[in-house]
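Shown next, in structure tokens, is the structure this report addresses.
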Amino acid sequence: LVHSVNAEQESGPVGGADLYLDLRGPGLRAGLMNALREAIRTARLAPGSRLPSSRALGADLGIARNTVVQAYSELTAEGWLTAQQGAETRVALLTVDVVPAATPPARAINTRHVHDLRPGRPDLSAFPRTEWIRAARRAISRAPDDAFGYAGPLGRPELRAALAEYLARTRGVRAHPDRVVICSGAAHGFALLAQVLRRQGVEEIAVEAYGLDPHRRLLTAEGLRTRPVPLDGQGAQIGHLEDLPRAGAVLLTPSHQFPTGVALHPDRRAAVVDWARRTDGLVIEDDYDGEFRYDRHPIGAVQGLDSEHIAYVGTTSKSLAPGLRLGWLVLPERLVDAVAAVKGDNDLTSGVIDQLTMAEFIESGAYDRHVRAMRLRYRNRRDQLVDALATHSPESRVTGITAGLHMLVELPSGNESAVVQGSAWQDLAMYGLAEFRHPDVPADRDALVIGYGTPSASAWSGALDALCRVLP
Ligand SMILES: Cc1ncc(COP(=O)(O)O)c(C=O)c1O
């Protein structure tokens, strides 16, 4: 039902316009509250604008005045409206951006939300500003003059050496500085590898059935067709690569599958190496959050099993900040020149100042300290999340919690889209698993992908509460 409120009735004008309220929902009060939230969210009711008196609105909508009074008072308690004793009720000056009416709230990914549990970002409030500035000062003071010239295609030798040592020590990567190539984040690394594969005549690349759509699109844009490999409780079903004889490469997140969170089973780690050797295929290992493992037996990179068939991709986007745009490749020997060639002689994608600073940051031990501190912080959040879900949503099942900054919350069948839609009403930005499904793959379960690294320390408990409110 669409009701028209004549805003000029006894309370005077409401933003000078008619207000249309679509009363839907379980009851009159809840329906009215939803309709008012929607009107505020879509800016049909501007911040600060005056609402009709409860009597006028009740009369217009043909509902009891008391229902309107209750709705106003609950929305005031939630922060949507403000009311002073004896004064009129107004729309609060909200801190959230409004969502255009045509956009379903849950998919409005570019708006600022009060609570944000989308995966893909670390806690940006924890960026180690002071340590980074110190490292930058030392690095810039010490750098030879030629460091400020055009960087070569492989990146600054200082950072390549520091990474070779760090990755061997912490991730079991077989790394020599000559094989390390600096790139502008993992995404740039994938694009470079895709270009090399295309030049070698590869037309198809296997990807996990669930993953990041921007990465799939990036591969497609380079001319590769992506073919999904199904996932189960042991990670990607490597045996299915046999069904894809034209796939010359496979992109995997073996340490912590994105987004389902499973670690690739040891048998399958061996199987994918076997596949690569038999077919001369390339495994691209996306180790995007390998620094954050919480179990006692850390899983090393698959690259440690075979450095000649695996291109290892790492990034600072989870461990420091995505805005740095700093990542790295550790390549099979046969690919180093090919990647250097597609990068070009004067690669300008990663600035040398950040490369030198990162090298100093690693060598001084500041990176280890930062990662350790963040690991503790994220593990605490993970534990709080698991406890809260067990209490508030006993029917949901959490998986993928041994590492990283996100977990999968499996919901009772049929609940995913309703919960994601409902989260928008709690000003909670959150993704369902469907967001990550390869287009050729049918939906097989209902789940949420909860990024618990995203909120700042002060926003964390509010986000957790909002999540508990929307779960079934
Ligand atoms: C699966 C996965 N890979 C890689 C990355 C990092 O990408 P980049 O280094 O381009 O920021 C992310 C970040 O969200 C990710 O989720």
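We count ligands from 1, going down the list as the structure has it; atoms in each ligand are counted the same way. What's counted below: heavy atoms across the whole structure, side chains too, no hydrogens, waters or symmetry copies. In this chain, residues are counted from 1 in sequence order.
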Give the residue and atom name of whichever protein heavy atom lies nearest to atom 11 (O) of ligand 1, and the separation in Å to one decimal.
Ser317 OG, 2.6 Å
Closest to atom 5 (C) of ligand 1 among protein heavy atoms sits Tyr288 CB, 3.8 Å
Hey, are Thr253 and Glu208 close enough side-chain-wise for a donor-acceptor pair under 3.5 Å?
yes
Does Asp286 reach ligand 1 with a nitrogen or oxygen that is under 3.5 Å from one of the ligand's nitrogen or oxygen atoms?
yes
Hey, which atoms in ligand 1 end up nearer than 4.0 Å to a heavy atom of Lys318?
12 (C), 13 (C), 14 (O), 15 (C), 16 (O)
With no hydrogens and no angle check, just 3.5 Å: does a side-chain donor-acceptor pair link Gln384 and Trp460?
yes
Checking heavy-atom distances from atom 9 (O) of ligand 1 to each of Asp289, Asp287, Thr315, the winner is Thr315
Any donor-acceptor pair under 3.5 Å from Arg174 side chain to Ala168 backbone:
no
Please check if any side-chain donor atom of Ser255 sits under 3.5 Å from a side-chain acceptor atom of Arg171, or the reverse.
yes
Give a yes or no on whether a salt bridge exists between Glu435 and Arg118, defined as a side-chain N under 4.0 angstrom from a carboxylate O.
no
Less than 4.0 angstrom from a charged side-chain N to a carboxylate O is my criterion; do Glu242 and Arg278 meet it?
yes
Protein contact of atom 7 (O) of ligand 1 - nearest heavy atom, named by residue and atom, plus distance
Ala186 CB, 3.7 Å
Within-cut-off N or O pair, Thr253 and ligand 1, under 3.5 Å
no
Heavy-atom distances under 4.0 Å are what count here, so tell me which part of His188 touches ligand 1: side chain, backbone, both or neither.
neither
Considering only protein heavy atoms, which is closest to atom 15 (C) of ligand 1, and at what distance to one decimal place?
Leu212 CD1, 3.5 Å
Give the atom numbers and elements of ligand 1 that come within less than 4.0 Å of a heavy atom of Arg325.
8 (P), 10 (O), 11 (O)
In terms of the angle between their ring planes, are Phe258 and Phe436 parallel, tilted or perpendicular, with boundaries placed at 30° and 60°?
perpendicular
